[in-house]
Amino acid sequence: MKQCLSILIGVLIFSGSVLAQDASQLKQGEEVNRSLTKGSEHNYTLLLDADMFVFGHVDQKSVDVVIKIMGPDGELVGQFDGPARGQESFRFSTEEEGIYAIQIIPYEDGEGEYSILIPVIEPVAQTPEGKVDQMMSEYSGEVPGAAVMVLQDGNILLQRSYGMANLAYDLKMHDETVHNIGSTSKQFLTFGLLLLQEQGKLFLDEDVRVYIPELPEFDHTVTLRHLVNHTSGYREFLNLMAMTGQNMSQDISQEKVIELVQNQPELQNEPGAEFNYNNTGYVLMTEVIERVTETDFPTWMKKNVFEPIGMAHTVVRSSPYQIVENRSVGYSYSEDGGFREVTDLGGAAGAGGIHSTMGDLKKWIENLLEPTVGTEEMVTEMSTSFKLNSGNETGYGLGLFVEEYKGLKRIQHGGADVAHRSMLMVFPEINGAVVTQSNFSNFDGNIANKIADVYYSAHLQENESEETPDEGMAAFEYDPEDFQPLTGRYELSIMPGFVLTFDRDGDRLYTQATNQPEVNITATSDSTFSLVGVNASVTFHRNEDGTADSLTLHQNGNHLAKKIEYEPSFEELRSYEGRYFSEEIDTIYDIVMEDSSLTMKTFLIKDSMPLEATNEDTFSSGFPIAEVKFIRNEAGNITGFEASNGRTRGVFFKKWDQN
C-alpha cells in the first residue's frame, strides 16, 4: 500500500481562488507553538495520498479556536469547534490525492497561544481492529484513556485499552484497570432486587413505605417498581441538590436523600404516568436492600451477585472518597490548558457507584445471555419495556433501556459520572455485545454505536433517515443570507427552559444551547442543518415567507422546539428583582439587573446566571436551574417562582417580602 507523500510547504487554496500567503509546513509528530491575534488566521498544508487517515489536535492554551479542513478542490472537508479550552481534536480521511489545508481561526476575535500537533497520518484502516484504533486516536498516548471490548457467541472479538488510567503516576489503561461504570450500575441493583423477590424477601409491586415507612404519604402509592423504572414522581436528588449550589462530589448519604423526599410537598407526576430518569429511586432501593437483608449494600452485592457470577474485581464504591485499588482517575479539560482531575459524584452506590473491569463485565454479559445466577425470567423482566398508565411504552425495563438498533433488539445502559463515561450494550439475537469505558469527560458517546456498525454490519440494517451528517460531509451549497429569517431562539417542548439560539456571523452559521458554547452548523438543504462535531441535526419548519415558528432537533430521537417571540421591556425585567427563598431546599436566590440583563445569584455559585425571557413570567437559564416561572397573586403581584431543571420540576421559591 502506498504510504503518505512527503509533507510540503504549499499554497493554500480557499474556495478555489483566494491564496493564503502564510501557509506553513506541518510535520507528523512535531508540535508547532504559535500565537493568534485578533482578526488573524493561521494556515497549514499537507500533501496527501488518497485514502489516508489524519488525526491531530490543537491545544487551546489561552485562545478558543475553530479548525477548518479544506480539500484539494477548496471545498470544506471538516470543521471543528468544540470545547473552549483544552484540546480541540480533528480527524479526516482523504478521498483524493492533493494538498489539504488546515486553517486555525480565533473564535469571536479572541487572541492567545495555542499549539498544533498531528500525531497520526496513515492509510485508512481496512480491518475492524484498525478502524477502532483510528476511532480511538484521541484517547491514545499520554492523555486520559479508554477501553473497548466486542463480544459474540462467547468469544472476544476485540479487547483493547488506550491512553492513561492515571496521569499523575504515569499509569496506562490496561485490561485489568477498574472502571467507574456510572449508571451502567443500575442493572446490577435491579438484578439484586429480583433475586430478593425470588426469595420472597420483597415484592416490586408493593408500596415503598412498607420498607421505608418514614417516606411521606402522597395521594398516590409509589411502588418499588416505580422507583426502578423511573416513573415514581419523586424529585431527582442530584438535580435538586444542584439547585442549592452545593458540590455534587460531596458524600451524600441515603438518609439525606430520604430527607429530601420528606421535604417534597407533592409528587411531580402520578406514579406510572410519566418516565423521568431519576437517581432518587435507585438510592432508595439501595436502602431497601440494606433493610431487607440487614447487610450493607456493597457487601450484599459482593456475596450475592458479583462472587457467584465470578466478578472478582467488581466493587460498589459507596463514597467518592473510598479507595478502590487499580481504578482509573477521572479527568476533564482544564481552563488553563491540559487536564484536571475530577472527583466522582456523591450518593452513587446502587445508582451509579459500581466499579468493574472489562473481564468482569464480560462475565456479567454472559450471565445475561445465559443465566447461571438468577433466571431467564429475571432477565426477561429486566429487558421488557414498561408500559405507562396510558399504555405507551417507555423503552426502559428494570435497569436497562430496551430498543431496536438498525433492525436488532438491543438492551443497553450508559453511565456518566462527572468525568467517567460508560456504555454496555447487548444484542441478544446475535449473542453480541459492545462495551466502552473512559475516564475522560469529553469521550465521544457515539463510539460504541460506531464499533457495533463495524463488527455487526452483516446483521444491521441501514436507516438513512436516522443518519446525521458528520463533520466530514461537504456542505450543501447555501447562501448564508438565506438563514436570516430562521435566526432566533427556540425552546424545547420536552425540556422547558432549554433554549437553542440560532444566529449568523457573516458566512458563519451557528447555534448555542442554554449555558453551552456555540456550535457551528452546516446546511444540508434549505431547511435542514447538521451540528458540526455533534451527532445531531435540526429541521426548521418553514412558512411560505421563509420564516419558521418551530424546528425539530434530531438527537436521541426527535424533539420539537417552538420559536420564542416574547421580548420584555427594561421596566418589566426590573419588576422581577428581589430575594427568593425555598423552604424545601433551604436556599436563597437573588434576582437582580446587571447591565440591562436579568440575572440570578446564590451564595454557593460563583457566577451570576443570566435569565432570558421565553414567555410572559417565564425565563430560561442554565444548569442548575433551566427554567424560572414567576407566580403572581390575584392582584398581579409576584409572590415567588417555581424552578425546574428537567428531572426536578416546580421547586417553589417564595419572594422574601411576602407574608
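Just so it is clear, the model here is predicted, and its values are computed rather than measured.
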I want to check something: taking the side chain as every heavy atom from C-beta on, are [X] and [Y] in contact at a cut-off of under 4.5 Å?
{"X": "K601", "Y": "M609", "answer": "no"}
{"X": "V150", "Y": "I451", "answer": "yes"}
{"X": "S328", "Y": "H420", "answer": "yes"}
{"X": "M600", "Y": "I625", "answer": "yes"}
{"X": "Y566", "Y": "E616", "answer": "yes"}
{"X": "R235", "Y": "M243", "answer": "no"}
{"X": "V373", "Y": "V305", "answer": "no"}
{"X": "D205", "Y": "L224", "answer": "no"}

Show your working on side chain to side chain contact (heavy atoms under 4.5 Å, CB included) between I258 and E287 and close with a plain yes or no. CA-CA 9 Å; I258 291 172; E287 179 73 14; 4.2 Å; yes
Using modelled atom types only, decide if a donor and an acceptor are shared between the side chain of [X] and the backbone of [Y] within a distance under 3.5 Å.
{"X": "R209", "Y": "T221", "answer": "no"}
{"X": "S383", "Y": "V379", "answer": "yes"}
{"X": "D417", "Y": "L345", "answer": "yes"}
{"X": "T599", "Y": "V592", "answer": "yes"}
{"X": "N239", "Y": "N645", "answer": "yes"}
{"X": "T587", "Y": "I585", "answer": "yes"}
{"X": "E259", "Y": "E255", "answer": "no"}
{"X": "S582", "Y": "D586", "answer": "no"}
{"X": "T602", "Y": "I605", "answer": "no"}
{"X": "S390", "Y": "L388", "answer": "no"}

Does atom [atom1] of [X] have more than 12 heavy-atom neighbours, drawn from other residues, nucleotides or ligands, at distances under 6.0 Å?
{"X": "E214", "atom1": "CD", "answer": "yes"}
{"X": "I323", "atom1": "CD1", "answer": "no"}
{"X": "E583", "atom1": "CD", "answer": "no"}
{"X": "R579", "atom1": "CZ", "answer": "no"}
{"X": "Q199", "atom1": "CD", "answer": "yes"}
{"X": "N558", "atom1": "CG", "answer": "yes"}

Mind checking side-chain hydrogen bond (donor to acceptor under 3.5 Å, both in side chains) for N449 and listing every partner two or more places apart, or none if nothing turns up?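 Residues passing side-chain hydrogen bond (donor to acceptor under 3.5 Å, both in side chains) with N449: R410, N446.
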Once ring pair (Phe, Tyr, Trp, His ring centres under 6.0 Å) is applied, what residue pairs with a partner in residues 282-310 remain, sequence neighbours excluded?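 Sorted result for residues 282-310: H230-Y282.
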Should the pair [X]-[Y] be classified as a salt bridge under the 4.0 Å nitrogen-to-oxygen rule?
{"X": "R649", "Y": "E236", "result": "no"}
{"X": "E642", "Y": "K654", "result": "no"}
{"X": "D344", "Y": "R317", "result": "yes"}

Supply the atom-to-atom distance [X] [atom1] to [Y] [atom2], rounded to the nearest 0.5 angstrom.
{"X": "N247", "Y": "M241", "atom1": "CG", "atom2": "CE", "value": "10.0 Å"}
{"X": "T436", "Y": "M425", "atom1": "OG1", "atom2": "CE", "value": "7.0 Å"}
{"X": "I631", "Y": "N637", "atom1": "CD1", "atom2": "CG", "value": "13.5 Å"}
{"X": "I365", "Y": "E370", "atom1": "CD1", "atom2": "CD", "value": "13.5 Å"}
{"X": "H226", "Y": "L284", "atom1": "NE2", "atom2": "CG", "value": "14.0 Å"}
{"X": "L196", "Y": "M285", "atom1": "CG", "atom2": "CE", "value": "9.0 Å"}

Answer yes if the ring centres of Y396 and H413 are under 6.0 angstrom apart, and no otherwise.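 Yes - the distance between ring centres of Y396 and H413 falls below the 6.0 Å cut-off.
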Measuring centre to centre across the rings, with the benzene-like ring taken for any Trp, is F386 within less than 6.0 Å of F275?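 No, too far apart.
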Pair Y589-V628, side chain to side chain contact (heavy atoms under 4.5 Å, CB included): steps then yes or no: CA-CA 11 Å; Y589 273 91; V628 172; over 6 Å; no
Reference residue F653; test ring pair (Phe, Tyr, Trp, His ring centres under 6.0 Å); the match among F641, F581, Y580: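 Of F641, F581, Y580, ring pair (Phe, Tyr, Trp, His ring centres under 6.0 Å) with F653 is met by F641 alone.
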One pair to check against side-chain hydrogen bond (donor to acceptor under 3.5 Å, both in side chains): Q437 and S422. What are the steps and the verdict? CA-CA 5 Å; Q437 305 292 333; S422 171; 3.1 Å; yes
Would you name the heavy atoms of [X] and [Y] that are closest together and state the gap between them?
{"X": "S438", "Y": "G145", "answer": "OG-O, 2.8 Å"}
{"X": "A273", "Y": "N389", "answer": "N-ND2, 3.5 Å"}
{"X": "G233", "Y": "Q264", "answer": "O-NE2, 3.2 Å"}

For Q268 and E274: C-alpha separation, side-chain torsions, deciding distance, then whether side-chain hydrogen bond (donor to acceptor under 3.5 Å, both in side chains) applies. CA-CA 9 Å; Q268 294 185 152; E274 177 184 331; over 6 Å; no
Is it true that [Y] and [X] share a donor-acceptor pair across their side chains at a distance under 3.5 Å?
{"X": "D251", "Y": "S319", "result": "yes"}
{"X": "K186", "Y": "S183", "result": "yes"}
{"X": "N367", "Y": "T372", "result": "yes"}
{"X": "E206", "Y": "Y211", "result": "yes"}

Could you go through the side chain to side chain contact (heavy atoms under 4.5 Å, CB included) check for T394 and S385 one step at a time? CA-CA 6 Å; T394 63; S385 177; 4.0 Å; yes
What residue among T286, I252, N279 forms side chain to side chain contact (heavy atoms under 4.5 Å, CB included) with V257?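 Exactly one option meets the side chain to side chain contact (heavy atoms under 4.5 Å, CB included) with V257, and it is I252.
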Side chain to side chain contact (heavy atoms under 4.5 Å, CB included) between L598 and Y576, worked out: CA-CA 8 Å; L598 198 64; Y576 297 107; 3.9 Å; yes
Under 3.5 Å donor-acceptor pairs involving side-chain atoms of residues 347-358, not counting sequence neighbours:
unit_1 : atom_1 : unit_2 : atom_2 : d
H355   : ND1    : G353   : O      : 3.2
S356   : OG     : T314   : OG1    : 2.8
T357   : OG1    : D360   : N      : 3.1

Could you walk me through whether K629 and D617 pass the salt bridge (charged side-chain N to carboxylate O under 4.0 Å, His left out) check? CA-CA 6 Å; K629 186 174 183 179; D617 287 340; over 6 Å; no
